[in-house]
2 protein chains.
Amino acid sequence: MEYYSRQMQTLMEELGKLPGIGQKTAGRLAYHLMNQPEAAVESLARALTEARKNVRFCRSCCTLTDQEVCPICASQKRDHSQIMVVENPRDLAAYERTGKYNGVYHVLHGVISPALGIGPSDIRLKELMQRLQSDEVKEVIIATGSTLEGETTAMYIYQLIRPTGILTSRIASGVPVGGDLEYIDEITLYRALEGRRAL
Amino acid sequence: MEYYSRQMQTLMEELGKLPGIGQKTAGRLAYHLMNQPEAAVESLARALTEARKNVRFCRSCCTLTDQEVCPICASQKRDHSQIMVVENPRDLAAYERTGKYNGVYHVLHGVISPALGIGPSDIRLKELMQRLQSDEVKEVIIATGSTLEGETTAMYIYQLIRPTGILTSRIASGVPVGGDLEYIDEITLYRALEGRRAL
């Protein structure tokens, strides 16, 4: 027995394919959408199609963009001698929001994860190594996450870059600003101690 | 400064309009979608457009359907003398899943909520009262939620129906099956006591 119309069912199934959207949420979203003006739903559908059609990887840093080269890579105001390696465009956006980084990026689109069968060739490492052949690059800042996979990937990249003699750094790991020590795990506390700096 | 392409930004804004989808989730979903095959994204976009275009309210019970009259209202196998009043099509689907109800439904599309400025004329009550003018209806089962708004709506409907002499009932409120008494709030425990039945 179908409780909803076929189109509702199809929409719920499609929405349910999205990560983190279960059957119940899909139902709630579908119901919400049916109560929106037709134009609003059209506009979401159009945004989906347009984005998927036009968005591609930046030829230089591999982030998602609608141009051949993304605005950051194309900018003359950015320091092209510094490359920050991030896992995905959301991490790039997070660093951009700090307003404190003026170099360029390289987006890996993933991390090495033997558990998930993701090897070095599954992320944009080849593209990074190609960029390092230019004399311009003076430093590679590895800003993958502080997770097991992020650390593994950081070490792997470091080993790859070492022979080139290019300075390679890793963002600091420690107590987050505003973090109360008593709630922070032992490994972070140990890292914060190890990474202490003279005042 | 734009960190993403304009289309990505638009998509994230559109996704962020959905209930329960914040800025971060919208970013994650947009990124996920950009990594899906174009056909998969097209198929979601099509499901949205098609559903919104074709889905309408059942002329009889007001649930969402793609026909003039929904399959339940159109079925000769259902008992059309019993109408269960529910808040929305998801609650209808929940009762259908029990497989234990053979009557028909009436979908209010909301509950009376003075706090949110939702009055009796904002939900599908007029349509319910019109249905009751047929001699066929013998019982109205009010199955709005056990919330303040659900109870208010139930009482309001009961007052409306009383003059017609049609039997009006309310689904039972009590300890959920599998519920451990110690974790259940006092009001539910009191309701369960009040609603006790002889064995």
Side-chain angles (χ1 to χ4, degrees), chain A residues 1-15 17-21 24-25 27-38 40-56 63-67 70-72 75 88-90 92-94 96-97 99 109, chain B residues 1-15 17-21 24-25 27-38 40-56 63-67 70-72 88-90 92-97 99 109:
Chain A
M1 184 71 200
E2 272 194 352
Y3 321 132
Y4 301 109
S5 76
R6 192 178 48 76
Q7 284 96 338
M8 274 285 275
Q9 207 76 48
T10 308
L11 177 56
M12 281 163 57
E13 280 160 23
E14 287 292 336
L15 290 169
K17 287 179 190 166
L18 296 173
I21 309 254
K24 285 212 169 166
T25 310
R28 212 168 298 136
L29 290 175
Y31 179 60
H32 168 84
L33 286 160
M34 291 310 101
N35 284 295
Q36 296 309 111
E38 196 160 338
V41 179
E42 280 297 340
S43 145
L44 169 58
R46 206 174 324 110
L48 281 162
T49 317
E50 298 261 298
R52 186 60 190 80
K53 200 181 289 168
N54 296 306
V55 172
R56 68 196 93 170
T63 194
L64 296 173
T65 176
D66 50 1
Q67 277 131 31
C70 78
I72 296 172
S75 167
N88 55 52
R90 284 176 287 127
L92 179 158
E96 280 300 287
R97 278 194 294 271
H109 291 281
Chain B
M1 185 67 201
E2 271 194 352
Y3 321 131
Y4 301 108
S5 76
R6 191 177 49 75
Q7 285 97 336
M8 273 286 276
Q9 207 78 48
T10 309
L11 177 57
M12 279 162 58
E13 280 160 22
E14 288 291 336
L15 289 169
K17 287 178 191 167
L18 296 173
I21 309 256
K24 286 211 170 167
T25 310
R28 211 168 302 138
L29 288 176
Y31 179 61
H32 168 84
L33 286 161
M34 290 310 101
N35 285 295
Q36 295 308 111
E38 196 160 340
V41 179
E42 281 297 340
S43 146
L44 170 57
R46 207 175 323 113
L48 282 162
T49 317
E50 297 262 297
R52 186 62 191 78
K53 200 180 289 166
N54 295 306
V55 172
R56 69 196 92 172
T63 195
L64 297 173
T65 176
D66 50 0
Q67 276 131 33
C70 77
I72 296 172
N88 54 53
R90 284 175 287 126
L92 179 158
Y95 256 103
E96 281 299 288
R97 277 194 293 271
H109 292 282

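In what follows, every chain begins at residue 1, and chains take the letters A, B, ... in the order their sequences are listed. Keep in mind that this is a model prediction, so the values were computed, not measured.
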(message) With chain A as the partner, which of B/N88, B/T10, B/N35, B/D66 has the greatest number of non-hydrogen pairs under 4.5 Å?
(response) B/D66

(message) Tell me the closest heavy-atom pair linking B/A47 and A/E14, and the distance in Å.
(response) CB-CG, 3.8 Å

(message) Can you tell me which portion of B/L33 sits under 4.5 Å from chain A's heavy atoms? Options are side chain, backbone, both or neither.
(response) both

(request) Tell me, with the steps shown, if B/L48 and A/L48 meet side chain to side chain contact (heavy atoms under 4.5 Å, CB included). (result) CA-CA 10 Å; B/L48 282 162; A/L48 281 162; 3.6 Å; yes

(request) Quick one: which of B/L18, B/T65, B/L15 has the most heavy-atom pairs under 4.5 Å with chain A, could you say? (result) B/L18

(message) So which residue, A/Q36, A/M34, A/K17, ends up with the most heavy-atom pairs under 4.5 Å with chain B?
(response) A/M34

(request) Return yes if some donor-acceptor pair links the side-chain N/O of A/R28 with the main-chain N/O of B/R90 below 3.5 Å, else return no. (result) no

(message) For A/A30, which atoms come within 4.5 Å of any heavy atom of chain B: side chain, backbone, both, or neither?
(response) neither

(request) For each of B/M8, B/H32, B/E50, tally heavy-atom pairs with chain A at distances under 4.5 Å, and name the one with the top tally. (result) B/H32

(request) Examine whether an atom of B/E38 lies under 4.5 Å from a heavy atom of chain A, and if so say whether it belongs to the side chain, the backbone or both; otherwise answer neither. (result) both

(request) Mind ranking A/K24, A/H109, A/M12, A/E13 by heavy-atom pairs under 4.5 Å with chain B and telling me who comes out on top? (result) A/H109

(request) Select one option (side chain, backbone, both, neither) describing which atoms of A/Q67 are under 4.5 Å from chain B's heavy atoms. (result) neither

(request) Against chain B, work out which of A/R56, A/R52, A/E42, A/K53 has the most heavy-atom pairs shorter than 4.5 Å and name it. (result) A/R52

